[in-house]
S.K.: 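Here's a structure for you.
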Amino acid sequence: MPLKTILTDRLGLHYPIIAAPLGRGSTPEFLGTLAQSGAFGFVALGHIQEDELRQALSAYISSTGGADRFGINLVLITDQMRRLQTALDAGCGVVSFLRGDPAPYVRRAKDAGATVFWTVSGPTEALRAADSGVDFIVVQGREAGGHLTGEATLMTLLPAVRDAVPEIPLVAAGGIADGRGLAAALSLGACGVWMGTRFIASEESGNHPEHKQLVVRSKSADLVETTLFDGG
Ligand SMILES: Cc1cc2nc3c(=O)[nH]c(=O)nc-3n(C[C@H](O)[C@H](O)[C@H](O)COP(=O)(O)O)c2cc1C
């Protein structure tokens with residue numbers, strides 16, 4: 001049964017479920033399967049060479065059925081304005097930013113008519129995101145896989161950000177793996193979930209088979225936190 005929220009209305013989905021960017025795991029096949037099932041996925045563009053980006057985006061447009069049936073993600077630890085412009089020129093209508101200073105990128109994307117997500121780790125950053133004119137704020141708890149942006153867990157962070165920016169729709173990220181997590185996120189004030197680790201284990205993702213098996217075999221106490229080479 002479809003579940004309607006502002007997220008499903010805005011992106012034309014059946015379910016308020018977003019697959020977070022998963023490095024090279026977010027293949028055209030993976031994002032295409034999500035689009036066909038009424039959900040939505042993002043691809044991180046940072047690992048795609050700038051001169052190959054146009055061609056790579058064509059593969060995603062063709063597998064998902066349209067340039068607004070998937071999202072593009074940029075981690076702003078280096079200048080990504082050219083990649084953003086290439087994606088906007090290709091018609092990409094949904095973009096997300098993590099780290100760095102997204103404000104100028106948000107302006108460029110909004111000027112092109114895109115729907116914009118900004119991942120935050122606390123109320124102060126959420127206020128900046130709201131001021132910049134984003135459409136959705138992704139609230140990332142420290143349970144999240146990949147680069148962490150903050151210290152607080154999702155259960156405490158989500159209500160705090162909800163209170164700080166009552167007018168902006170929030171999407172919950174970090175440690176959500178099934179419908180119970182989705183229900184909890186909705187009851188804490190989110191309009192959908194942004195799941196990464198759980199989707200690594202999906203058949204269609206391009207992640208390494210051993211990586212998938214490790215995710216499937218892991219228990220709740222198997223979390224490991226390391227320092228990343230570029231911080232976070
Ligand atoms: C393998 C992997 C790669 C990721 N790469 C990115 C990325 O490039 N950009 C980004 O904004 N978030 C990235 N993330 C973080 C997700 O956006 C998201 O916050 C996180 O996966 C949510 O927590 P969960 O993994 O517990 O579901 C990545 C996560 C994983 C697991």
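As the structure lists them, so they are numbered: ligands from 1, and atoms in each ligand from 1.
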S.K.: With salt bridge (charged side-chain N to carboxylate O under 4.0 Å, His left out) as the criterion, how do R217 and D222 come out once you've worked through the C-alpha distance, each side chain's angles and the decisive distance to 0.1 Å?
M.R.: CA-CA 10 Å; R217 284 203 302 269; D222 289 338; over 6 Å; no

S.K.: Taking NE2 in H47 as the centre, count heavy atoms belonging to other residues, nucleotides or ligands within less than 6.0 Å. Is the count above 12?
M.R.: yes

S.K.: Considering residues at least two apart in sequence or located in another chain, which fulfil the side chain to side chain donor-acceptor pair (under 3.5 Å) criterion with D79?
M.R.: Y105

S.K.: Flag the pair K212 and E203 as a salt bridge only when some basic side-chain nitrogen lies within less than 4.0 angstrom of an acidic carboxylate oxygen.
M.R.: no

S.K.: For ligand 1, what N or O to protein N or O distances fall under 3.5 Å?
M.R.:
unit_1: ligand 1; atom_1: 5 (N); unit_2: P21; atom_2: O; d: 3.2
unit_1: ligand 1; atom_1: 9 (N); unit_2: N73; atom_2: OD1; d: 2.8
unit_1: ligand 1; atom_1: 11 (O); unit_2: N73; atom_2: ND2; d: 3.0
unit_1: ligand 1; atom_1: 17 (O); unit_2: W194; atom_2: NE1; d: 2.9
unit_1: ligand 1; atom_1: 19 (O); unit_2: Q140; atom_2: NE2; d: 2.9
unit_1: ligand 1; atom_1: 23 (O); unit_2: G145; atom_2: N; d: 3.4
unit_1: ligand 1; atom_1: 23 (O); unit_2: G174; atom_2: N; d: 3.4
unit_1: ligand 1; atom_1: 25 (O); unit_2: G145; atom_2: N; d: 3.1
unit_1: ligand 1; atom_1: 25 (O); unit_2: T197; atom_2: N; d: 2.8
unit_1: ligand 1; atom_1: 25 (O); unit_2: T197; atom_2: OG1; d: 2.5
unit_1: ligand 1; atom_1: 26 (O); unit_2: G175; atom_2: N; d: 2.7
unit_1: ligand 1; atom_1: 27 (O); unit_2: G196; atom_2: N; d: 2.8
unit_1: ligand 1; atom_1: 27 (O); unit_2: T197; atom_2: N; d: 3.4

S.K.: Could you check, using the six-membered ring where one of them is a Trp, whether F40 and Y15 have ring centers closer than 6.0 angstrom?
M.R.: no

S.K.: Only one of D135, V134, V95 passes side-chain contact (heavy atoms from CB on, under 4.5 Å) with V106; say which it is.
M.R.: V134

